[in-house]
Undergrad: 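Attaching a single structure in structure tokens format; questions to follow.
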There are 2 protein chains.
Amino acid sequence: MSAYWCELAWLGGEHAEGGVVIEVEGDVIVGIEPGAPAPPRGAVRLDGLTLPGFANAHSHAFHRALRGHTQRGGGSFWTWRERMYELAAALDPDSYLRLARATFAEMALAGITAVGEFHYLHHGPGGEPYADPNEIGRALIAAAGEAGIRITLLDACYLHGGIGEPPNRVQRRFSDGDAPAWADRVNGLESNPGVRIGAAIHSVRAVAPEAAATVAEWAAERGCPLHAHVSEQPAENDACRDAFGVTPTRLLGDAGALGPRFTAVHAIHLDSDDVGLLGSGRCCCCLCPTTERDLADGVGPARELLEAGASLALGSDSHAVIDLLEEARAVELDERLASCERGHHGAAALLRAASVTGHACLGWRDAGRLEAGAPADLVSIRLDGVRTAGVTPETALEFVVFAAGASDVDRVICGGREIVRDGVHLGVEVARELRESIAAVRG
Amino acid sequence: MSAYWCELAWLGGEHAEGGVVIEVEGDVIVGIEPGAPAPPRGAVRLDGLTLPGFANAHSHAFHRALRGHTQRGGGSFWTWRERMYELAAALDPDSYLRLARATFAEMALAGITAVGEFHYLHHGPGGEPYADPNEIGRALIAAAGEAGIRITLLDACYLHGGIGEPPNRVQRRFSDGDAPAWADRVNGLESNPGVRIGAAIHSVRAVAPEAAATVAEWAAERGCPLHAHVSEQPAENDACRDAFGVTPTRLLGDAGALGPRFTAVHAIHLDSDDVGLLGSGRCCCCLCPTTERDLADGVGPARELLEAGASLALGSDSHAVIDLLEEARAVELDERLASCERGHHGAAALLRAASVTGHACLGWRDAGRLEAGAPADLVSIRLDGVRTAGVTPETALEFVVFAAGASDVDRVICGGREIVRDGVHLGVEVARELRESIAAVRG
């Protein structure tokens, strides 16, 4: 058994608690008690504010190699996508393993202990399956393990280049041909203690209604997470209405996808019926604000979704930056810009999105909380730096959510194992591995 | 004479240059030459990307003590303002000097070498002038000097609590009674090599049209900068139209304020006539995006203002965070959210707002550029960290603007004097001084 003593820790309420002792056996928290003025003998001291590890609920690991390379000139989501396809075309299982390991390690440095990897690059050039048809999926699972974090591999069904269109040259690497073939392939993947397998419907652009129903049924039979990109761009809504006469949310509802295991990623351009469907279905909505800013997606109705009954999670998606605290505050700050009112989401609510509801939507229903029985996933945020100077115990949550960032992350413990100390990853030389793996795929 | 060798430096164009030698005599750049593959003998090596020092064109230093303390509950700009007044009421010249020195030193850590301090807390409790009626202004000037950065003290005329209303108890500390008395007081302040004196009309809420004309005339006689808060909130526009039948921009134009020495701070809720007036007047517009997000102000028409002929500057204003790179990218990213298009402001244009046009609007017309004759204000940004991993010489500007932050600032040189090395301020223990000075004023 080991023990930690936290100067301040967030146990899920509206304020941080002082002097919190966390007892860990193996990879699980077995006891937690606030109010200890000093560390018990033998306890590891965690200064600053200790939070449950963050869940990055929406990631495309290879997009990390696009950072900084898509900002010149004008364009739109759709021209950005062309650059992303060029990169996808250059990847193979080895190069993707190295890039993903470095990217997941960058996540660890930001306090992320679980990633939802929305994975659609399944096959070799031209769509030829690898000898192991899940070779890239397994590479992603290995990458997360080597970076020391949990992964939910959200294996995405991707069949069409657009509604009714065949996949183009690059998209053929994404496609299994049809949904039963997708299911056959994904049946070959196994969960293990640090790994969950989930399903994804890439989008209504890439998966027709009947195929979406097949994927939803597969996920329902296994009780596993089901994710889909939903209404990120108005053009998706327009195409869906033209082809099927309904919104993407309604289409997915009719396909049996919605419900408490379902996560709508982005969920921006929604009408009030969509909000009602996602809310009454107790769905999760994964917001990715730094990507949504980058790709000019717009600001979604996060407050309305919560009020309707949905929960919120956060994702760094395209990894324009990897900083869950920036994602968290952006949910509130972008809604302030859109509404001209303050105070839609308090710091504790934003931390819940980054932790407990984020983990839940990835199938880790006991994680993302500091309580007995939860995995021992801890992240401590320094409060002695300049960004947080002026903090008090009463304002620690607000300082961390609204003013701190990934560079303030001090220690990270995932499943009882320390993976980051003093802001340095203990297993991966992150900047060098990012540099080398990005250079390898950008040529 | 001293020399620096920059691995990469931005000389104002669309890309960074490699191997740039910068020669400095005293506080001025006397020579600059790209293309040296290695440092000349005796040159100081600056790794990463070297930029001209940033200008923080809009600051209220004491607002730094509000960080993290105004995020609970709902509310609006106007309820936030009540919290700000409570803080203003607690300040005296000594406590403000200490708070401002620490705040300006936090700016130095973020690469800021010049601050435009929009100063309205002039008098003692109840409005009683200090023995030296410019005692707080001089404290702010001293604070900047001790932090090692330049200051333009934008001394603000503030006469009314709202249009036609007397100042309230706290606002009496801001008021000189009338505009001639404001001018008499400000005539007592002197420029010196690190200090410029400018004028400010607080807003059309606080300064009636005739008084605004007096301030504008004072600034015109001296050829000095003139700033005003303009259309930060729709309620200001409504009140101005109700009282005077015109927009705030038109009112200021009629008062003779607009022109190349004028800076409209925020400039958010503008109509097309306002945009035309600010553009044809070759005015500067100072955007403060992290504050505008925080205060739910909305997104201004930055692209339209540029196209109409205005220039842009950046300010951290209320210091919710102090990070000019975050301000710079927010101009583009928030406009993407508002327009659903990408590519309004490229990285080089955003850096110009942070440097050359920012300095110009503060009266430092030769600063903010790496060229012979300019002040030797340099900031080097590390490119070997995780946030910028993947950078190439061709994408250095994009990586720094869209993915780096204040924590990546490595060295800062202001007027030939090194003030920050390895991310540490050489003269001020910043986090401790912030903690102590904030605790002193928050009680």
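Numbers restart at 1 for each chain; the letters A, B, ... are given by sequence-line order, proteins then strands.
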Undergrad: Which residue out of A/R64, A/Q233, A/E332 racks up the most heavy-atom pairs below 4.5 Å with chain B?
TA: A/R64

Undergrad: So which residue, A/H319, A/E14, A/R435, A/R67, ends up with the most heavy-atom pairs under 4.5 Å with chain B?
TA: A/R67

Undergrad: Of the listed residues (B/A65, B/G68, B/G343, B/A102), which shares the most heavy-atom pairs with chain A below a 4.5 Å separation?
TA: B/G68

Undergrad: So what's closer than 4.5 Å to chain A heavy atoms on B/L337: side chain, backbone, both or neither?
TA: both

Undergrad: If I measure from the heavy atoms of chain A, does B/E433 come under 4.5 Å with its side chain, its backbone, both, or neither?
TA: neither

Undergrad: Against chain A, label B/E341 side chain, backbone, both or neither, depending on which of its atoms sit under 4.5 Å from a heavy atom there.
TA: both

Undergrad: For B/S437, which atoms come within 4.5 Å of any heavy atom of chain A: side chain, backbone, both, or neither?
TA: neither

Undergrad: Using heavy-atom distances under 4.5 Å, tell me whether B/L295 contacts chain A through its side chain, its backbone, both, or neither.
TA: both

Undergrad: Apply side-chain contact (heavy atoms from CB on, under 4.5 Å) to residues A/F399 and B/H69 and explain how you reach the verdict.
TA: CA-CA 8 Å; A/F399 265 89; B/H69 290 268; 3.7 Å; yes

Undergrad: Which one of B/V400, B/D334, B/T388 has the most heavy-atom pairs closer than 4.5 Å to chain A?
TA: B/D334

Undergrad: Provide the closest heavy-atom pair for A/H269 versus B/C340 in the form atom of the first, atom of the second, distance.
TA: CE1-SG, 4.5 Å

Undergrad: If I measure from the heavy atoms of chain A, does B/D408 come under 4.5 Å with its side chain, its backbone, both, or neither?
TA: neither

Undergrad: Only pairs of heavy atoms separated by less than 4.5 Å count here; which of A/V386, A/T290, A/V321, A/L434 has the most with chain B?
TA: A/V386

Undergrad: Measure the shortest side-chain to side-chain distance between A/E398 and B/R72 over non-hydrogen atoms and say whether it is less than 4.5 angstrom.
TA: yes

Undergrad: Side chain, backbone, both or neither: which part of A/L333 has a heavy atom under 4.5 Å from chain B?
TA: both

Undergrad: To check you understand the geometry: which heavy-atom pair defines the closest contact between B/A431 and A/D384, and what is its length?
TA: CB-O, 3.4 Å

Undergrad: Let's go through A/D297 and B/R336 carefully: what are the C-alpha distance in whole Å and the side-chain angles of both, what is the deciding distance for salt bridge (Lys or Arg N to Asp or Glu O under 4.0 Å) to 0.1 Å, and is it a yes or a no?
TA: CA-CA 8 Å; A/D297 290 334; B/R336 289 186 192 178; over 6 Å; no

Undergrad: I'd like to know which of A/R387, A/R329, A/E335 tops the heavy-atom pair count under 4.5 Å against chain B.
TA: A/R387

Undergrad: Run the numbers on A/R342 and B/D294 for side-chain contact (heavy atoms from CB on, under 4.5 Å), then give the verdict.
TA: CA-CA 8 Å; A/R342 307 177 90 226; B/D294 191 7; 2.8 Å; yes

Undergrad: Can you give me the closest heavy-atom contact between A/A320 and B/A403, atom names plus distance?
TA: O-CB, 4.0 Å

